[in-house]
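The structure appears below as structure tokens.
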Number of protein chains: 2
Amino acid sequence: MADSQPLPDTADVAWLTESEQEAWRQLLRVLLRLPSAFDGLLRQADDLVLVEYNVMAFLSEAPGRSLKMTAIAAEADLSPSRLSHLIGRLEKRGWVLRHPATDDKRVIMATLTAEGYASVQRLAPRHVRDVRELVFDRLTAEQVDQLSRIAAAIAAR
Amino acid sequence: MADSQPLPDTADVAWLTESEQEAWRQLLRVLLRLPSAFDGLLRQADDLVLVEYNVMAFLSEAPGRSLKMTAIAAEADLSPSRLSHLIGRLEKRGWVLRHPATDDKRVIMATLTAEGYASVQRLAPRHVRDVRELVFDRLTAEQVDQLSRIAAAIAAR
DNA sequence: TTACAGTGTTTGAACGTTCAAAGAATTAGG
DNA sequence: CCTAATTCTTTGAACGTTCAAACACTGTAA
């Protein structure tokens, strides 16, 4: 709950400059709109959310279409719990299979089924088109590189 | 559900270039990490999520600390339903009050209470510090302007 | 060998968001 | 006017995510 703790004195605060405020406002709009835009499009296409598609895409590129849960979580930036629930959903649809690894009995491998693979293949063109439409068609080549660097800086831990 | 519709032929797809892929990967990480980072910090500070803080911030700057639901939804980029639930939560805490407008009886005004205002005041310095830490301290002044333009382009409808 | 810390994964309840539906008040057109 | 379309807001169920707790297995070190 609330902790009224060592807060900086209001006078000492380095408030945002005008251009920082503007950037922050726009960034917030992206954070709110982009994920739901993709979720909406993918849901319409195949009742999928963006992170689910991404996980399937990762799996489809992995050797044997198979990855350790931990590896997926790291690549897709998901918590173990979130991934576990997510894989559960995909499993229920028959798109992914779970089976324990042979060497380390703690680890679970997630494998894309043939149907799962077919779904990714089917969805990929549309998804790429959407990414273009919602992101890259709106940017110059220079801005794409700027975005890479900016996003990498922000996403770094 | 699934609709196997006019999908572009796989051969015709304009796949992402190498640098677009990189930008997309980094952007995805931002979309996943930044919101939960802020939610975590605000939750720890006062059991609030980012959008709730933003709504309170908007209200705190409005004349009479009061705004129509529609106006908040537009500014904060929230669906009517999402906002209604959100205001309900803030109301339950005594930070916001709901009352019907006098001229148009359909519209509801949300007003920040004294306690609500105090909370925003108390949280603002910490929040600004967090925004700096997670975003602007990581960017050059030039990148801040680039971010403004890029984010505005992506967020545009 | 046993104990203990660490790793990999799951579980279920609590929470915030979405979605479709609805109600209530206003506006526009005939 | 009267009706129909539109606007503003809420509701509740379904869904995905978070969080804390738990369990099983591995590694380590006494």
Side-chain angles (χ1 to χ4, degrees), chain A residues 1 31-44 46-56 66-93 96-111, chain B residues 1 31-44 46-56 66-93 96-111:
Chain A
M1 260 296 163
L31 294 180
L32 279 169
R33 285 186 189 179
L34 211 47
S36 36
F38 280 109
D39 283 352
L41 288 166
L42 280 165
R43 197 182 299 279
Q44 190 185 351
D46 229 334
D47 197 20
L48 226 54
V49 292
L50 182 55
V51 284
E52 290 171 341
Y53 175 86
N54 272 325
V55 166
M56 305 233 304
S66 197
L67 284 172
K68 305 196 308 183
M69 294 293 274
T70 315
I72 306 176
E75 254 188 308
D77 230 311
L78 303 174
S79 72
S81 163
R82 185 173 179 180
L83 179 62
S84 185
H85 287 298
L86 189 159
I87 293 288
R89 273 175 263 141
L90 296 181
E91 202 177 15
K92 210 172 282 176
R93 293 185 158 204
V96 159
L97 230 62
R98 256 193 273 228
H99 48 94
T102 49
D103 49 333
D104 186 337
K105 287 179 199 152
R106 289 169 303 180
V107 347
I108 299 284
M109 308 292 297
T111 305
Chain B
M1 260 297 161
L31 294 180
L32 279 168
R33 285 185 189 180
L34 211 48
S36 35
F38 280 109
D39 283 353
L41 288 166
L42 279 165
R43 197 181 298 279
Q44 191 185 350
D46 229 334
D47 197 22
L48 227 52
V49 292
L50 181 56
V51 284
E52 290 170 341
Y53 174 86
N54 272 325
V55 166
M56 304 232 306
S66 196
L67 284 172
K68 305 195 309 183
M69 294 293 274
T70 315
I72 306 176
E75 254 189 307
D77 230 310
L78 303 175
S79 72
S81 163
R82 185 173 179 181
L83 178 62
S84 185
H85 287 299
L86 188 158
I87 294 289
R89 273 175 263 141
L90 296 180
E91 203 177 15
K92 210 172 282 175
R93 293 185 159 203
V96 160
L97 231 62
R98 257 195 272 228
H99 48 95
T102 50
D103 51 332
D104 186 336
K105 287 179 199 152
R106 289 169 305 181
V107 346
I108 299 283
M109 308 292 297
T111 305

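Below, chain A is the first sequence line, B the second, and so on; all start at residue 1. Hydrogens, waters and symmetry mates play no part in the numbers below; they use all other heavy atoms, side chains included.
Here the P atom of nucleotide dT10(C) and the CG atom of L90(A) are 13 Å apart, to the nearest Å. Between K105(B) atom NZ and dT27(C) atom C1' the separation is 15 Å, expressed in whole Å. Rounded to an integer number of Å, the gap from L31(A) CG to dT17(C) C1' is 16 Å. The nearest whole Å value for the distance from the NZ atom in K68(A) to the P atom in dG8(C) is 6 Å. Rounded to an integer number of Å, the gap from L42(A) CG to dT18(C) P is 15 Å. Rounded to a whole Å, the CG atom of D47(B) is 12 Å from the C1' atom of dA14(C). Regarding R43(B), its CZ atom lies at a distance of 14 Å from the C1' atom of dA20(D), rounded to whole Å. Straight-line distance from the CD atom of Q44(A) to the C1' atom of dT18(C): 15 Å, rounded to whole Å.
Where I108(B) and D103(A) each meet DNA chain D at their nearest nucleotide, the meeting point lying more 5' is that of I108(B). Looking at which nucleotide of DNA chain C each of G40(A) and I87(A) is closest to, the 5′-most match is held by I87(A). Heavy-atom nearest nucleotides on DNA chain C were determined for S36(A) and for A71(A), and the one closer to the 5' end corresponds to A71(A).
Among the heavy atoms of the strands lying under 4.0 Å from D104(A) are primed sugar atoms or P, OP1, OP2 only; no base atom is included.
Taking only distance into account, the side chain of S81(A) meets the base of dT11(C) through a donor-acceptor pair shorter than 3.5 Å. Contact of H85(A) with dT18(D) (side chain to base): a donor-acceptor pair of N or O atoms is detected under 3.5 Å. Side-chain atoms of R106(A) and base atoms of dT9(C) include no donor and acceptor less than 3.5 Å apart.
Side-chain atoms of D104(B) come within 3.5 Å of backbone N or O of R106(B) as a donor-acceptor pair.
Closest approach of D47(A) to E52(A), counting heavy atoms only: O-OE1, 4.3 Å. Looking at every heavy atom in both residues, A76(A) comes nearest to V55(A) through CB-CG2, 4.2 Å. The two residues E91(B) and L97(B) make their nearest non-hydrogen contact at OE2-C, 4.4 Å.
L50(A) is listed as a side-chain neighbour of L42(A), based on a closest heavy-atom distance under 4.5 Å.
Not one side-chain nitrogen or oxygen of R89(A) sits closer than 4.0 Å to the OP1 or OP2 atom of dA14(D). The phosphate of dT10(D) has OP1 or OP2 within less than 4.0 Å of a side-chain N or O from R98(B).
Nearest nucleotide to the R82(B) side chain, out of dT17(D), dT17(C), dC25(D): dT17(C).
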